[in-house]
Amino acid sequence: MKFEILAPAGSRESLVAGVRCGADAVYLGGKTLNARRSAGNFNDEELKKAIQYCHSHAVKVYITLNTLCRDGEFSDAFHFAEKVLTYGADAFIVQDIGIVKMLGSCFPGVRIHASTQMSAMTPSAAAFLKKAGVSRLVLPREMTADEIGELAADTDLELEMFVHGALCMSVSGQCYFSAMIGQRSGNRGLCAQPCRLPFSACKEGGFDLSLKDLSLLNQLEKISGLGVLSLKIEGRMKRPEYVAAAVSSIKKAINGAYSFKDEELLKNVFSRSGFTEGYFNGTRDRSMFGTRQKEDVVSARQAVKYFSHLYDNENPLVPIDMELEFLRSKPVRLTAEALGKKVSVICSEPQQAINRAETPESLKNRLSKLGGTQFYVSSIKIKSDDGLMLPAAEINALRRKAVEALSAAELKMPLCYPPDEIPPRERKETTPYFTARFADIAQIPKDHPFKRIFIPVWSSDEAFLKTGAGAELPRGLFGVEKRLEKRLRELKKRGVKNALCGNIGAYQLAEKIGFHVYGDFGLNVFNSLSARNFNSPILSFELTVKEANSINAEDTGMIAYGRLPLMLTRICPVKSRIGCDKCGKNGTLTDRRGVSFPIVCSPYPCVQLLNSVPLYMGDKMKDIKTDFIHFYFTDESKSDVKKIIALYKNGEKADFDYTRGLYYRGVF
């Protein structure tokens with residue numbers, strides 16, 4: 001089996017551990033705009049040294065620019081990218097489509113890897129990304145083997161997948177829980193992991209959002225048949241011993257030498273009540289849940305000590321070819337080739353031997369002494385005359401100079417075009433028009449004020465014909481793209497014209513079929529450049545009102561009312577705890593303070609965890625200057641909807657519990 005092993009590097013120590021244990025590539029970030037801002041990370045000088053170190057060991061470096069970016073941060077993102085490309089960075093991992101566009105236009109030929117945060121789980125999503133200039137897709141951790149195979153068969157993008165490390169309860173890129181609760185956005189690299197806290201499904205359980213860690217090391221043979229190139233380890237917040245353990249274990253698994261004992265050692269380094277293969281095998285049940293237990297911590301102590309010694313010293317992982325010219329009346333010349341480079345170094349002429357002359361064998365022996373370096377001898381050729389000698393110190397010095405020259409950093413000057421600046425939009429004092437999505441047509445008043453309305457795509461044909469609604473497409477498209485395409489073609493024939501899409505795959509598919517496509521909040525549109533890539537986008541509700549108002553793109557909107565979805569999950573926490581029969585589609589999760597959050601199931605392959613109270617901005621309409629506002633109706637009755645419409649028309653305060661969301665707080 002041939003794979004790239006991709007290791008996390010949240011610190012210099014973890015970087016060294018990954019490289020010395022045999023990683024083929026590492027991923028790491030600067031101090032900002034990366035999805036693990038709480039890790040140690042690297043300043044500019046540290047990044048330069050890290051890239052030099054990795055390249056001297058034939059290891060690639062992927063730089064994380066994988067958070068949503070504000071308009072005011074694009075200049076920093078550009079200069080950071082320019083700097084690390086000069087250092088030799090091999091690729092960028094990116095979540096924000098605006099950053100994808102900036103990198104592609106400013107740095108022709110740059111390699112871009114689409115982060116798992118892009119929620120790209122279908123062939124249509126892969127097609128969207130390829131068109132945008134992406135070369136590799138990091139697959140969502142929630143995909144099954146069959147779904148990965150289906151996607152791989154329909155794209156020539158490189159595919160990378162997580163095979164070891166923490167699992168999030170939410171689909172990556174679709175979690176807003178940490179942001180809503182404490183302003184620490186997972187889409188901005190500061191997730192506070194509220195899912196690890198006690199949450200009770202229907203008041204009958206606890207820790208019902210906390211999953212075990214993923215480990216697919218026993219599935220590599222199956223993965224090798226799916227078209228996956230890179231095996232990724234999660235863990236930039238983890239200690240270097242964890243990185244050493246994971247990389248070493250994957251190498252063993254690739255070579256067919258991974259044993260039960262190895263798995264137990266790896267489990268002891270870090271796990272939450274053991275590992276799960278969950279989604280990959282199509283399993284979505286209680287066996288996937290786990291928390292960090294006291295016994296897990298105790299077991300880690302001895303295992304950590306064992307793995308800490310795996311990277312104490314350099315391991316000879318890089319082959320080197322050498323050719324030595326040891327000829328009479330000529331300077332001794334050593335030519336060495338490794339890491340795609342070829343260098344030649346010389347020293348003084350050899351002397352006539354008085355006692356003991358050098359032989360080809362003795363010269364090979366001296367040149368082979370590469371201990372303490374990353375190199376091992378692949379081949380040595382000797383061209384020598386008989387009867388000559390040279391002090392051992394000079395031959396050793398020659399060898400060291402060649403190794404140093406091969407290991408030296410190479411600064412590059414990337415082809416670079418400065419980005420176009422997009423000034424903040426100056427908004428006229430106009431009243432935004434209204435749009436809405438409804439969970440069910442029973443909620444829709446006869447004389448509503450909405451310019452566009454949307455209902456779930458799986459609603460009946462009669463529902464669409466009766467209301468004139470557009471189709472709201474699911475954000476989680478796991479395994480349903482063919483079914484969805486068939487459904488969309490049916491709706492198109494029946495006269496449905498509009499589609500609301502919160503996933504890039506859904507957007508691509510609906511556009512291909514000929515719908516008038518609108519961007520939903522799940523696209524995480526956070527800046528003007530991103531907004532310009534989608535039609536009439538509903539902006540991220542992690543923006544402040546002021547930031548949303550300043551987005552400079554045509555026809556943008558913001559959610560102004562509704563129970564905001566905090567998580568999109570592929571495993572239902574209520575079903576896994578008590579079963580669907582007891583739930584009756586009225587499931588809730590209750591936190592440690594007694595606050596309840598509704599769980600909404602659907603014909604989609606995912607369920608949603610909604611906020612405990614709705615967002616309300618009816619009495620703050622004077623602050624909103626986007627082109628339209630969007631109402632996200634979930635569990636309201638028709639009379640509730642009428643009441644809310646009246647409140648917004650009159651600019652009145654609500655007489656129910658509500659939140660302003662993040663519109664005045666913002667996220668860090």
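All residue numbers refer to positions in the sequence shown, counting from 1.
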Got a donor-acceptor contact below 3.5 angstrom from the T626 side chain to the F628 backbone? yes

Candidate list V600, L610, L609, test side chain to side chain contact (heavy atoms under 4.5 Å, CB included), partner P565, passing option: L610

For a side-chain contact (heavy atoms from CB on, under 4.5 Å) check, start with the C-alpha distance between L211 and Y279, then their side-chain angles and the critical distance, and finish with the verdict. CA-CA 11 Å; L211 298 181; Y279 296 115; 3.9 Å; yes

Hits for side chain to side chain contact (heavy atoms under 4.5 Å, CB included) against Q193, two or more places apart or cross-chain, chain-then-number order -> C191, R196

Flag, side chain of D520 to backbone of G522, donor-acceptor distance under 3.5 Å: no

Under the 3.5 angstrom rule, does the side chain of T155 hit a backbone N or O of L151 as a donor-acceptor pair? no

Salt bridge or not between R70 and E542? Use side-chain N to carboxylate O under 4.0 Å. no

Could you give me the CA-CA distance, side-chain angles and deciding distance for S596 and T590, then say whether side-chain hydrogen bond (donor to acceptor under 3.5 Å, both in side chains) is met? CA-CA 4 Å; S596 290; T590 305; 3.3 Å; yes

Against the six-membered ring of F162, is R141 placed for a cation-pi contact (under 6.0 Å from the centre, within 45° of the normal)? yes

Name the one of F534, Y632, F526 that satisfies ring pair (Phe, Tyr, Trp, His ring centres under 6.0 Å) with F521? Y632

Backbone N/O of A166 and side chain of E234: donor-acceptor pair under 3.5 Å: yes

Run the side-chain contact (heavy atoms from CB on, under 4.5 Å) test on M102 and L529 for me, step by step, so that the C-alpha distance in whole Å, both residues' side-chain angles and the decisive distance to 0.1 Å come before the verdict. CA-CA 8 Å; M102 183 272 285; L529 193 52; 4.1 Å; yes

Should we count CD of E652 as having more than 12 external heavy atoms under 6.0 Å? yes

Going by an N to O cut-off under 4.0 Å, is there a salt bridge joining R570 and E147? yes

K130 atom NZ, over 12 foreign heavy atoms within 6.0 Å: no

What's the spacing between E636 CD and D440 CG if we round to 0.5 Å? 12.0 Å

Just do the side-chain hydrogen bond (donor to acceptor under 3.5 Å, both in side chains) check on D623 and Y663 with the steps written out, would you? CA-CA 10 Å; D623 294 342; Y663 288 151; over 6 Å; no

Nearest 0.5 Å, what's the NZ-CD1 distance between K638 and I441? 8.5 Å

Please round to the nearest 0.5 Å and tell me the distance separating atom CD1 of I645 and atom CG of D640. 11.0 Å

Under 3.5 Å, which donor-acceptor pairs do the side chains of residues 490-501 form with other protein atoms, sequence neighbours left out?
{"unit_1": "E490", "atom_1": "OE1", "unit_2": "R487", "atom_2": "NH1", "d": "3.4"}
{"unit_1": "R494", "atom_1": "NE", "unit_2": "D461", "atom_2": "OD2", "d": "2.6"}
{"unit_1": "R494", "atom_1": "NH1", "unit_2": "E490", "atom_2": "O", "d": "3.2"}

pair L615-F541: side-chain heavy atoms closer than 4.5 Å: no

Within the 6.0 Å centroid threshold, strictly below: F78 and F107: yes

Taken in chain and number order and not counting sequence neighbours, the residues that satisfy salt bridge (charged side-chain N to carboxylate O under 4.0 Å, His left out) with D635 are R563

Once salt bridge (charged side-chain N to carboxylate O under 4.0 Å, His left out) is applied, do any residues pair with D208, and if so which ones, sequence neighbours excluded? R286, R577

With a cut-off of 6.0 Å (strictly less than), are more than 12 heavy atoms of other residues, nucleotides or ligands near NZ of K575? no

Step-by-step side-chain hydrogen bond (donor to acceptor under 3.5 Å, both in side chains) determination, T122 to S124: CA-CA 5 Å; T122 63; S124 289; 4.9 Å; no

Minimal heavy-atom distance between A548 and L539, with the atoms involved, is O-CD1, 3.7 Å

Count the heavy atoms belonging to other residues, nucleotides or ligands that lie under 6.0 Å from CG of N43, then report whether that count exceeds 12. yes

For Y561 and F656, take the angle between the two ring planes, folded into 0 to 90°, and tell me which bin it lands in: parallel under 30, tilted 30 to 60, perpendicular over 60. perpendicular

Keeping Y507 on the side-chain end and N535 on the backbone end, is there a donor-acceptor pair under 3.5 Å? yes

Using the six-membered ring wherever Trp is involved, compare the ring planes of Y648 and F631 and label them parallel, tilted or perpendicular (cut-offs 30° and 60°). perpendicular

For the pair R188 (side chain) and L68 (backbone), establish whether a donor and an acceptor sit closer than 3.5 Å, ignoring hydrogens and angles. yes

side-chain hydrogen bond (donor to acceptor under 3.5 Å, both in side chains) partners of R475, counting only residues at least two apart: Q174, Q608

Going from OG on S612 to CG on L589, what distance comes out if it is rounded to the nearest 0.5 angstrom? 12.0 Å

For the side chain of S119 and the backbone of G173, is there at least one donor-acceptor N/O pair under 3.5 Å apart? no

For K585, does the NZ atom have more than 12 heavy-atom neighbours from other residues, nucleotides or ligands under 6.0 Å away? no

Salt bridge (charged side-chain N to carboxylate O under 4.0 Å, His left out) between K625 and E426: does it pass, once the steps are laid out? CA-CA 9 Å; K625 296 180 175 59; E426 293 184 9; over 6 Å; no

Can I629 and I559 be said to form a side-chain contact (heavy atoms from CB on, under 4.5 Å), step by step? CA-CA 6 Å; I629 60 170; I559 295 178; over 6 Å; no

Look only at the side chain of R425 and the backbone of A553, and say whether a donor-acceptor pair between them is shorter than 3.5 Å. yes

Given the rule in the side-chain contact (heavy atoms from CB on, under 4.5 Å) test, do M617 and V545 qualify, once you have shown the distances and angles that lead to the verdict? CA-CA 10 Å; M617 295 290 288; V545 172; 3.8 Å; yes

What's the verdict on side-chain hydrogen bond (donor to acceptor under 3.5 Å, both in side chains) for N66 and Q117, showing C-alpha distance, side-chain angles and the deciding distance? CA-CA 8 Å; N66 56 342; Q117 294 283 113; over 6 Å; no

Side chain of D627, backbone of D555: donor and acceptor closer than 3.5 Å? yes

From T64 atom OG1 to Y27 atom OH, the distance as rounded to the nearest 0.5 Å: 9.0 Å

Less than 6.0 Å separating the ring centroids of F177 and F199? yes

Is the F92-Y62 ring centre distance short of 6.0 angstrom? no

Mind checking the CD1-NZ spacing from I455 to K466? Nearest 0.5 Å is all I need. 10.5 Å

Apply salt bridge (charged side-chain N to carboxylate O under 4.0 Å, His left out) to residues K642 and D447 and explain how you reach the verdict. CA-CA 9 Å; K642 288 180 178 179; D447 298 316; over 6 Å; no

According to side chain to side chain contact (heavy atoms under 4.5 Å, CB included), who are the partners of P140, at least two apart in sequence or on a separate chain? T116, M121, E142, M143, F478

N527 (side chain) donor-acceptor with S530 (main chain) under 3.5 angstrom: yes

